[in-house]
Every structure is written in structure tokens, then in C-alpha cells.
Amino acid sequence: MRVSGFLFGLLMLVCSGPVMAQDQAWVQIEAQPNLSTAMDRARAYAALFPQVQGYRLASGWYGIAIGPLTSDEAVAELHSLTAQNMIPSDSYISDGASFGDLFWPVGGQAATPTAPAAESTAMAPADTVVATDTPALPEETIGQAKAGEAALDQTGREDLQTALKWFGFYDGKVDGHIGSGSRASMANWQSAQGFEPTGVLTAGQRTALVDGYKGEESAFGFQTVTEPEAAIEISLPMAMLNFDRYTPPFVRYGAKDGSGVTGMLISEPGTKASLSGLYDVLQSLDIVPADGERALEDTSFTIHGKNDKIETVAYAEIVGSNVKGYLLSWDVAKSGQMNRVLPIVQSSFRSTGDKAMDPGLVPLADAVKRGLLAGLSAKKPKVSRSGFFIDAAGSVLTTVEAVDQCGSVTLERSLGAKVTFEDKASGIAVLTPDAPLAPASVATLPPMRRKSALRWPSLATAMRGGCPRRC
């Protein structure tokens with residue numbers, strides 16, 4: 001009976017942890033004190049790297065690692081990723097001996113967060129209990145937690161607020177002042193992690209929060225990109241992006257290692273007219289979905305387009321005699337991560353001088369130079385027709401023939417419109433823009449005589465000027 005018990009115990013040992021083959025190693029990236037945080041961290045890393053695994057450690061914490069690899073592969077991976085600041089600098093090589101239950105990828109051996117993995121020996125009898133010492137976060141009273149918080153310097157307090165903001169619990173100013181807003185954010189974070197929501201973080205909780213933020217920020221590989229040709233400085237998640245090429249007025253970035261994220265920096269001479277033209281042009285690109293919020297102001301614009309496949313944010317502003325901006329586009333599956341990336345990109349963007357990209361920076365064919373969309377795929381309308389503005393709000397008179405072919409309609413490339421009147425007998429249709437326009441001129445047409453044929457010129461012939469409309 002003792003023999004069969006031993007075999008069962010050995011089977012459980014093999015199933016609960018990684019298979020320990022000869023010359024196997026892992027790059028251990030970090031460890032978290034609770035399963036919820038560890039799952040979030042593992043999910044973030046898995047979006048960037050293959051072979052991300054998560055194990056409950058003998059200490060009771062939860063480790064995140066890349067592997068299994070050979071020893072040589074693990075060493076090379078460690079050096080490469082730390083050199084690129086893609087993983088924490090204190091990452092190290094592990095032989096997996098301390099790994100217990102697998103919690104990531106989801107669907108592996110179920111995690112057991114209430115009990116640490118036991119250290120087993122092949123010769124231990126089945127009815128022998130192997131004792132383990134599970135270090136836990138030290139308990140602190142509210143007074144002790146407040147005293148520890150009070151001892152933090154300005155940077156330490158700002159780190160707390162930054163980490164809370166990163167994970168979506170704080171939307172106030174990062175100023176190091178721990179007021180009621182910071183307290184409420186801390187309490188909400190504690191509740192989300194399964195802690196008592198006191199609003200005062202213990203030393204262990206502060207460490208888990210800030211380390212989690214810094215680890216995830218490192219996983220995104222944020223780098224301050226100073227682009228001299230565009231005279232722009234910005235923080236970009238370079239673990240997701242690769243510099244592609246210059247196609248003035250754009251600096252193009254492609255997706256890195258299948259990240260699903262692309263981007264552009266924008267830099268061109270001009271002021272208000274250029275800003276408005278750029279606003280229209282960007283919305284004609286395939287990477288800018290038609291649905292979503294848009295705002296064109298006197299000196300800047302913001303576009304946030306989204307559909308069931310991609311999400312895109314673009315921003316540009318007038319800086320002196322130039323227009324500067326950026327665009328990021330990503331697979332909608334990355335939206336949770338990009339919601340944390342965007343605030344850093346947005347807050348870091350700045351112009352570094354009164355200079356715009358030189359259109360002659362790269363040799364381009366004449367045909368390409370004539371197009372602002374050099375190398376970019378633009379939306380192509382199924383049908384393009386003309387019409388007349390017929391009122392001060394920008395309503396447009398056009399043909400039924402054109403409208404009947406369209407699932408959606410836009411005026412002047414980018415503004416959505418609806419068919420509000422249609423008369424098949426006369427062939428007339430009226431379009432109303434989704435937002436009021438201010439046409440420079442409005443057509444004046446004579447009234448039709450009742451019960452008579454249409455006296456106006458044939459619309460198919462007459463509509464050779466006026467307002468372009470597309471679908």
C-alpha cells in the first residue's frame with residue numbers, strides 16, 4: 001500500500017508543476033503577492049512575448065516567466081530583453097525548482113491560491129507531510145501603515161498616484177499630495193485586490209502596486225523618442241512598434257513581432273488650412289474607422305475612430321508655423337492595454353523646434369509627391385457624385401440614382417450624411433449632414449410647376465460642380 005501511495009504522490013508532483021527535463025530553464029520576470037495581479041501581469045506580458053507562463057511559487061507568491069528554454073536560450077533571452085528594457089532589470093534565470101501550480105496560460109492546471117506548492121522529494125513516503133514555511137506580507141495596523149506612508153519622499157508618493165492612475169483607479173493630478181481623492185483610489189484598488197479597503201496602503205501593498213505598474217510599463221518598452229527630422233519628442237511603447245520609414249509628412253512605425261499596433265508622427269509646414277486639410281485626409285485612411293468621436297478646433301483636432309477590428313487615435317496641433325501630431329492604431333483586442341498606453345503618449349507629446357519634415361527627405365516619385373497619403377491606403381468610395389448646397393446648414397440636393405447605390409454617405413470626403421428626402425419620379429434626393437456645414441454659397445432653384453415634367457436641367461448633366469459627395 002505504501003508503494004501505490006508513493007506512485008500517486010509522484011503523479012501529483014509531475015502534474016502540478018512544469019516538467020523538469022534536462023537543460024530546461026526559464027527567464028523569471030517578476031512575482032506578485034496575489035493571483036489577481038499576477039493574472040493581469042501575465043496577460044500583459046503574453047501580449048508581447050511567446051511562451052509566457054505563470055506558476056505559484058513555494059513562497060506563496062505568483063511568478064511570471066518565459067520558457068521553458070534551454071539554458072543557452074534563456075541566457076540569451078535574458079540579456080536581449082533586459083538590454084532593450086522590455087523586462088525588469090532584476091529578472092533572472094530559474095531552473096523551475098520552486099514552481100508549483102500553473103495559473104497561466106488559462107486552461108492549464110488549476111491554480112490553488114489558498115495553499116502554497118509543497119516541496120516534494122522522490123523518496124518521501126506518501127503519508128509523510130512535508131512542512132513548508134510560507135512567507136506572507138507582514139500585517140500592519142492602520143497607524144503603522146500611515147507612519148510608513150508618511151515616511152515616503154515626494155517621488156514615492158508620486159509613484160503611488162502614478163501607479164493608481166496607470167491601473168485606472170485615479171484620475172487626479174500626480175502631485176504627491178495624498179488627499180481624499182488618493183485615499184478613495186487606494187481603497188478601490190484594495191477592494192479589487194481582495195484587501196480590506198482602508199484607504200491606507202501597507203508597505204507590502206505599496207510595493208505590489210508600484211512594482212506592478214513599473215513592471216507593466218517596462219513590458220511595454222516605453223522609450224522617449226526624439227525625432228530630429230520631425231522636431232517631435234514623444235514616449236512610445238517601442239516593445240510594440242518598429243521604425244518603418246519616412247514618407248513626409250509622416251514618420252511611419254510598423255507593428256513589432258505581431259503586436260497589432262502601428263503609429264505615425266506627423267510634421268508639416270502650415271497653419272489653420274493645413275490643419276483642416278490634414279483632419280480630412282486622415283479620415284480618408286483605411287486605418288481610421290468612420291465611427292467614433294471627432295473634434296476640430298481652431299488650433300488642434302482629435303480623432304478617435306473605432307470599429308469591430310481596429311481602434312485609432314489621432315491628434316494634431318498648430319505649433320508656430322507648423323502642424324505637429326501623432327496617430328496610433330491597434331487591434332481592438334489590445335484596447336485594454338492601449339487605454340494605459342495612451343495617457344503616457346498624450347502627455348509626453350511635444351514639439352522640439354520651429355521645424356517641419358523636409359518633403360525632400362527621401363527620394364519620392366513625382367506622382368507620390370503630389371499625394372499627401374504617400375504609401376498609405378485610403379478609403380475608396382464606391383460612387384462619387386456632385387450636388388448643390390440648398391440651405392445654410394449644408395443640405396445637399398443630389399440624384400436618387402447615386403443614393404440608391406450607397407449603404408453610407410459622406411459629404412466632402414469625411415462628414416457623414418443621411419438621406420432625408422427622396423423622390424424617385426423626379427430623380428431628386430436631399431442629404432442632411434450629421435453636423436451643420438457653412439457652405440460658401442447656396443443654389444437658388446426656381447419652383448417646379450405642379451403636374452408638369454421637371455423643368456430644371458437634368459441633374460445628371462447639371463451636377464458637374466458644387467459639393468462632392470461620396471459613398
Side-chain angles (χ1 to χ4, degrees), residues 271-308 310-318 323 325 327 372-373 378-448 454 456-471:
T271 54
K272 191 171 182 178
S274 300
L275 182 77
S276 179
L278 179 65
Y279 177 76
D280 290 338
V281 164
L282 290 183
Q283 294 182 84
S284 72
L285 302 182
D286 285 342
I287 60 171
V288 180
D291 295 332
E293 298 178 357
R294 275 99 165 119
L296 175 61
E297 309 292 343
D298 284 343
T299 60
S300 67
F301 69 71
T302 302
I303 300 171
H304 191 164
K306 184 176 182 179
N307 57 28
D308 60 346
I310 62 172
E311 188 169 357
T312 300
V313 168
Y315 172 81
E317 63 184 14
I318 297 172
V323 174
L327 178 147
L372 179 64
L373 308 181
K379 298 187 183 82
K380 296 180 180 178
K382 177 181 178 183
V383 177
S384 180
R385 295 289 187 270
S386 296
F388 295 108
F389 285 122
I390 58 174
D391 62 30
S395 297
V396 172
L397 179 71
T398 188
T399 64
V400 170
E401 171 267 333
V403 170
D404 283 348
Q405 300 180 57
C406 297
S408 62
V409 180
T410 59
L411 301 177
E412 297 186 332
R413 290 184 178 271
S414 59
L415 182 62
K418 295 180 176 60
V419 179
T420 53
F421 175 79
E422 192 173 356
D423 182 18
K424 295 187 182 297
S426 62
I428 293 174
V430 175
L431 308 176
T432 301
D434 292 342
L437 292 172
S441 61
V442 175
T444 301
L445 301 175
M448 290 186 296
L454 181 65
W456 297 342
S458 167
L459 289 178
T461 302
M463 291 184 184
R464 294 176 181 168
C467 165
R469 56 155 307 283
R470 300 176 178 223
C471 61

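- Applying the side chain to side chain contact (heavy atoms under 4.5 Å, CB included) test to A314 and every residue at least two apart in sequence or in another chain returns L282, I303, L327.
- Interatomic distance, I428 CD1 to F421 CZ, rounded to the nearest 0.5 Å: 7.0 Å.
- Taking OG1 of T302 as the reference point, atom CD of E317 lies at 9.5 Å (rounded to 0.5 Å).
- The shortest non-hydrogen separation linking V396 to G387 is CG1-CA, 4.0 Å.
- Across all non-hydrogen atoms, the minimal contact from Q283 to V288 is CA-CG1, 4.2 Å.
- The heavy-atom pair separating G394 from P433 by the smallest distance is O-CD, 3.5 Å.
- Here OG1 of T432 is found 7.5 Å from CG of D391. Values are rounded to the nearest 0.5 Å.
- In terms of heavy atoms, K306 sits closest to P289 at N-CB, 3.5 Å.
- Using a distance-only test at 3.5 Å, with no hydrogens or angles considered, a donor-acceptor pair links the side chain of T312 to the main chain of I287.
- Note that the CG atom of D298 and the CG atom of L275 stand 9.5 Å from one another [nearest 0.5 Å].
- For the pair D423 and V400, the tightest heavy-atom approach, listed with the atom from each and the gap, is O-CG2, 3.6 Å.
- The CG atom of L431 lies 9.5 Å from the CD atom of E422; values are rounded to the nearest 0.5 Å.
- With S284 contributing its side chain and V281 its backbone, the two residues share a donor-acceptor pair below 3.5 Å.
- Here the closest heavy-atom approach between residue S300 and residue Y315 is recorded as CB-OH, 3.9 Å.
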